[in-house]
Amino acid sequence: MHRNVFLIVGVLAIAACATSSAKDLARTAGDGARVILENDKVRVIELTVEPGASTGMHSHGDHIIYFLAPGEALQKNPDGTEEKRSLPAGHIEWGGPVSHDTVNRGSVASRTLIIELK
């Protein structure tokens, strides 16, 4: 009986880790995402998305986005809605918790810094 309980708890823990990893931008965006600073207060991700490429569906808590280069993006939400965005270099914005996938619909690589508050 105890062995079965430990087995079930172990499987649930592994599933929880796999689920949370699947929504982590640093994992879903692959080589395009590079964590350049992380501590117990903040994580900073340098993100480069090539034309036509996608970040993969991911989630953020409270965060700040700074656009290092101009970008043309299509944000896809889990409910199927989409939003086209065109942002200049130097644009900065605050974002609350969100889940989305972002596709670079421009002709050059997009470059942003994402500052995720913990």
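Starting from 1, each residue takes its place in the sequence as its number.
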- Task: Flag yes if more than 12 heavy atoms outside Asn39 fall under 6.0 Å of its CG atom; otherwise flag no.
- Result: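 Yes, CG of Asn39 has more than 12 neighbouring heavy atoms, counting only those of other groups under 6.0 Å.
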- Message: Other residues, nucleotides and ligands only: do more than 12 of their heavy atoms fall within 6.0 Å of NZ on Lys41?
- Response: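 No, not enclosed.
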Non-hydrogen side-chain atoms of [X] and [Y] separated by less than 4.5 Å:
X      : Y      : value
Thr102 : Leu74  : no
Lys84  : Arg105 : yes
Leu87  : Ile65  : no
Val42  : Lys118 : no
Asp62  : Pro97  : yes
Leu47  : Arg111 : no

- Query: Only one of Glu82, His58, Glu83, Lys76 forms a side chain to side chain donor-acceptor pair (under 3.5 Å) with His100, so which one is it?
  - Reply: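 Exactly one option meets the side chain to side chain donor-acceptor pair (under 3.5 Å) with His100, and it is His58.
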Cluster question for you: counting only ILVMFWY and a side-chain heavy-atom cut-off of under 4.5 Å, with indirect links fine, are [X] and [Y] together?
X     : Y      : answer
Ile36 : Leu117 : yes
Ile64 : Val44  : yes
Leu37 : Tyr66  : yes

